Amino acid sequence: MKKTGIFAAVITSLLLLSGFFIPATLTKTISVPYNMYKCGEQFNRVEKIVNWFLPFASHAENVKVDSVTRTLDNGLFRLKILESTLYKSTLEFSYKNKKKKITYTAITDTSTPNSSFITLTYKTNLAGKLFLKSKPEMFSEKSLDYLKEYMTDTRKFYGFEILRVKVEDTAFLFMRRTVPVSQKRAAMKKMFEELIEYARQKNAGYNGIRIFYSETSGDEITLFASIGVTSEVPGSGNIEYKRMPFGYNLLMTHFQGPFGEAQKAIKALEMFKKDHGLISMAIPFMKFLSDGYDFADEQYVQMKVYYPVY
């Protein structure tokens, strides 16, 4: 019995030892709802990698990002892009004296529109593939999982939680006006006052809804202002009665912050629209939740921001 036990132990040890000499390749794949070029952007630029590669993403403020040498360094871990294409990157990931060459590749998922597979690949040995992974190997795999979480969480990926909703408010009195940028606040206030007064005169049933959008061109800004009403009334002069089809699709996010920074939310919706192959149905707009309509750019406001899409 003793000889049998010793023999079994020797065989087991030899098998374990041989695992360090048998070459192997590790591949791991995730699926994300973006085209392969959008996926490729996440690993062919260090400015993007820092957002999801875990040794760096958890404390990105402490990471040295060098776009010229294409490296990330936090003093303990270092990552360098060795070569890249639009949809594939080979990286060298280092921890102390351990280095690992890893590759991320994106390919189109032909079974699902606008979706892709992202695959991690690296060379290792049988023991490493099965149970003895180095820190670079462990972090590379965990980072792939986090990349999926990052890309499918709109708050992380775009900076705002983005929802798909339906049109509920359908009838508005609408006005546009182009003024010097310096007169934005005064003109905005006057426009809403004129709309509300017109609704009162025509018994249009102003319901408190105030929506707004602006486009800047050089030293001028075009303002678009609307108020919600419950009754249809004829337009007059520069005031129009407009309807938005009930049940049509909208992208929506919440914004809280200085009024002058609300364009960040619109840009996030614009990027989401582009990334998901959606088509604009009309201009975006902001629906004020804060009381009033006389806001300075530095004033804190709460609003919902929408983008009509097909």
Side-chain angles (χ1 to χ4, degrees), residues 26-58 60 63 65 67 70 72 79-91 93 101-122 139-166 248-255 263-284 304-310:
L26 185 286
T27 60
K28 184 174 181 178
T29 300
I30 60 171
S31 176
V32 291
Y34 294 91
N35 66 53
M36 59 189 254
Y37 300 109
K38 186 68 178 182
C39 294
E41 288 179 6
Q42 308 316 308
F43 43 76
N44 62 27
R45 294 172 54 196
V46 289
E47 299 89 348
K48 297 289 187 180
I49 296 174
V50 72
N51 294 320
W52 60 268
F53 209 92
L54 286 177
F56 310 108
S58 55
V63 179
V65 181
S67 302
R70 307 177 82 190
L72 300 175
L79 182 145
K80 179 179 177 63
I81 299 177
L82 299 179
E83 55 183 355
S84 63
T85 67
L86 290 176
Y87 52 87
K88 180 178 181 180
S89 286
T90 299
L91 317 174
F93 180 39
K101 185 182 289 187
I102 58 179
T103 300
Y104 290 97
T105 307
I107 60 171
T108 299
D109 178 359
T110 55
S111 66
T112 306
N114 205 42
S115 293
S116 302
F117 296 112
I118 299 176
T119 299
L120 163 68
T121 306
Y122 63 79
F139 273 112
S140 297
E141 293 186 42
K142 289 180 179 179
S143 295
L144 182 69
D145 292 330
Y146 185 68
L147 177 57
K148 180 180 179 69
E149 178 184 334
Y150 170 70
M151 293 186 73
T152 53
D153 184 330
T154 56
R155 187 181 296 277
K156 293 176 180 176
F157 200 50
Y158 296 99
F160 295 88
E161 182 182 17
I162 298 175
L163 305 174
R164 300 183 189 228
V165 299
K166 300 293 186 180
Y248 269 45
N249 298 318
L250 298 170
L251 299 178
M252 186 275 287
T253 189
H254 288 85
F255 175 81
Q263 287 293 329
K264 292 179 180 178
I266 291 175
K267 289 180 180 178
L269 294 180
E270 178 72 37
M271 184 61 69
F272 183 96
K273 176 181 72 73
K274 178 182 176 182
D275 290 342
H276 291 81
L278 302 173
I279 300 172
S280 303
M281 184 179 72
I283 61 173
K304 290 182 178 180
V305 184
Y306 295 91
Y307 210 128
V309 294
Y310 288 113

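On a predicted model such as this, the values are computed, not experimentally measured, just so you know. All heavy atoms count here, side chains included; hydrogens, waters and symmetry mates do not.
Distance check: Phe117 CZ to Ile107 CD1 gives 6.5 Å after rounding to the nearest 0.5 Å. To the nearest 0.5 Å, the span separating OG1 on Thr253 from NZ on Lys264 amounts to 13.5 Å. Separating the CG atom in Leu72 from the CD1 atom in Ile49 is a distance of 6.0 Å, to the nearest 0.5 Å. Atom-to-atom distance recorded for Ser140:OG and Leu26:CG is 9.0 Å, nearest 0.5 angstrom. Between the CZ atom of Arg45 and the OG atom of Ser89 there is a distance of 11.5 Å, given to the nearest 0.5 Å. One finds the CG atom of Leu91 at 7.0 Å from the CG atom of Leu82 (value rounded to the nearest 0.5 Å).
Across all their heavy atoms, Leu251 and Leu269 have their closest contact at CD1-O, 3.9 Å. Between Lys88 and Thr103, the shortest heavy-atom contact is CE-CG2, 3.6 Å. Across all their heavy atoms, Val305 and Ala265 have their closest contact at CG2-CB, 3.9 Å. Contact record, Thr152 with Pro33: CG2-CD, 3.7 Å, taken as the closest heavy-atom pair. For the residue pair Pro55 and Ser143, the shortest heavy atom distance occurs at CD-OG, 4.1 Å. Closest of all the heavy-atom pairs between Lys101 and Tyr122 is O-CB, 3.5 Å.
For Thr154, the side-chain contact (heavy atoms from CB on, under 4.5 Å) test picks out Tyr158, Glu161, Ile162, Phe272, with sequence neighbours left out. For Thr108, the side-chain contact (heavy atoms from CB on, under 4.5 Å) test picks out Met36, with sequence neighbours left out. Take Lys80 and apply the salt bridge (Lys or Arg N to Asp or Glu O under 4.0 Å) test, not counting sequence neighbours, and it matches no residue. For the ring-ring contact (aromatic ring centres under 6.0 Å, His included) test, residues two or more places apart in sequence or in another chain that qualify with Phe139 are Phe77. In this structure Tyr34 satisfies the ring-ring contact (aromatic ring centres under 6.0 Å, His included) test together with Phe157, His276, sequence neighbours excluded.
For residues 26-37, the set of pairs meeting the salt bridge (charged side-chain N to carboxylate O under 4.0 Å, His left out) definition, not counting sequence neighbours, comprises Lys28-Asp145.
When Leu144, Thr90, Asn44, Thr119 are each tested for a side chain to side chain contact (heavy atoms under 4.5 Å, CB included) with Tyr104, only one passes: Leu144.
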For a side-chain contact (heavy atoms from CB on, under 4.5 Å) check, start with the C-alpha distance between Phe43 and Phe53, then their side-chain angles and the critical distance, and finish with the verdict. CA-CA 9 Å; Phe43 43 76; Phe53 209 92; over 6 Å; no
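Residues Val165 and Tyr306 meet the side-chain proximity criterion, which asks for heavy atoms closer than 4.5 Å. Looking only at side-chain heavy atoms (C-beta outward), Ser280 and Tyr307 come within less than 4.5 Å of each other. Inter-residue side-chain proximity for Arg164 and Asn249 is flagged as unmet; no heavy-atom pair is nearer than 4.5 Å. At a threshold of 4.5 Å between non-hydrogen side-chain atoms, the residues Leu250 and Pro308 count as touching. With a 4.5 Å cut-off on side-chain heavy atoms, Val32 and Gln42 do not count as touching.
In this structure, Met252 places its CE atom where more than 12 heavy-atom neighbours from other residues, nucleotides or ligands lie under 6.0 Å away. The environment of Lys148 atom NZ is dense: over 12 non-hydrogen atoms of other residues, nucleotides or ligands sit within 6.0 angstrom. Annotation for Lys38: atom NZ counts as buried by contact number, over 12 foreign heavy atoms lying within 6.0 Å.
A salt bridge links Lys273 and Glu270; the closest N-O separation between the charged side-chain nitrogens and carboxylate oxygens is under 4.0 Å.
Judged by distance alone, with hydrogens and angles left aside, the side-chain atoms of Asn51 form no donor-acceptor pair with the main-chain N or O of Ala60 at under 3.5 Å.
Using cut-offs of 30° and 60° for the angle between ring planes, the Phe255 and Phe160 rings count as tilted.
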